[in-house]
Novice: 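Sharing a structure, written as structure tokens. Questions coming.
Residue numbers start from 1 in every chain, and the chains themselves are labelled A, B, ... in the order their sequence lines are given, proteins ahead of strands.
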Amino acid sequence: MTEEPHYYELVFEVARHIPAGRVTTYGAIANYLCLGSARMVGWALHQCAAGPSDVPAHRVVNRLGELSGRHHFRPPGAMQERLEAEGVTVADDRVADFRERFWSPEELDNE
DNA sequence: ACGCTGACTGGGT
DNA sequence: CACCCAGCCAGCG
């Protein structure tokens with residue numbers, strides 16, 4: 001079994017640590033895991049959406065706080081719906097007070 | 001093997 | 001914040 005965990009698993013693990021009501025960015029996760037490309041994070045979460053998972057992918061937005069991945073949820077709008085259910089205000093496909101809502105995976109090291 | 005695409009980002013204008 | 005450009009890397013035809 002020399003099956004090493006794909007970087008997808010690492011992304012999922014980090015996403016699972018995002019506190020409810022908070023959001024982070026693809027770049028923040030990519031930087032934390034030293035993936036070198038924020039696109040990898042997007043692809044990883046795409047795989048997550050392809051199957052059943054307990055990964056709160058809706059808490060991951062782009063650097064501007066935009067719900068760039070909303071179109072990949074079913075039904076479309078589920079991303080915004082879930083965020084609002086957690087107390088996150090979303091307007092015009094963007095997270096209100098994004099800067100305050102932002103959570104960095106580096107917070108884990110602060111523990 | 002090759003090239004394009006994509007849930008991205010940072011820098012410059 | 002908006003637009004354009006270049007760098008980035010895995011997946012797919």
Novice: Hey, is CZ on A/R82 packed in by over 12 heavy atoms from elsewhere, all under 6.0 Å?
Specialist: no

Novice: Taking atom P of B/dG6 as reference, at what distance in whole Å does atom CG of A/N62 sit?
Specialist: 16 Å

Novice: Identify all stems in which DNA chain C takes part, counting only runs of at least 3 consecutive pairs (Watson-Crick or G-U wobble, each distance under 3.5 Å), and give each as one range with another, ordered by first number.
Specialist: B:2-6 with C:9-13, B:8-13 with C:2-7

Novice: Starting from P on B/dG6, measure out to CD on A/Q47 and report it in whole angstrom.
Specialist: 15 Å

Novice: Spell out yes or no: do the side chain of A/W43 and the base of C/dG11 have one donor N/O and one acceptor N/O closer than 3.5 Å?
Specialist: no

Novice: Rounded to the nearest Å, what distance is computed from the NE2 atom of residue A/H71 to the P atom of nucleotide B/dG6?
Specialist: 12 Å

Novice: With under 30° as parallel and over 60° as perpendicular, where do the rings of A/W43 and A/H46 fit, or are they tilted in between?
Specialist: perpendicular

Novice: For A/E81, what residues pass the side-chain hydrogen bond (donor to acceptor under 3.5 Å, both in side chains) criterion, not counting sequence neighbours?
Specialist: none

Novice: What is the separation between atom OH on A/Y7 and atom C1' on C/dC9, rounded to the nearest whole Å?
Specialist: 8 Å

Novice: When you measure from the side chain of A/R74 to the backbone N and O of A/H72, does any donor-acceptor pair fall under 3.5 Å?
Specialist: yes

Novice: What is the distance from CD1 of A/I29 to P of C/dC9, rounded to the nearest Å?
Specialist: 18 Å

Novice: Short question: side chain of A/T89, backbone of A/A96 - any donor-acceptor pair under 3.5 Å?
Specialist: no

Novice: Between B/dA7, C/dA10, B/dT9, spot the one nearest the side chain of A/M40, thanks.
Specialist: C/dA10

Novice: In whole angstroms, how far is the P atom of B/dA7 from the CZ atom of A/R74?
Specialist: 12 Å

Novice: Is A/A57 touching bases, backbone alone, or none of the nucleic acid, heavy atoms closer than 4.0 Å?
Specialist: base

Novice: Any chance you could list the contact pattern along nucleotides 2-8 of chain C? Use B for base contacts, S for sugar-phosphate-only contacts and - for none, protein heavy atoms under 4.0 Å, 5' to 3'.
Specialist: -----BB

Novice: Quick one: does A/D97's side chain have a donor or acceptor within less than 3.5 Å of a partner on A/E100's backbone?
Specialist: no

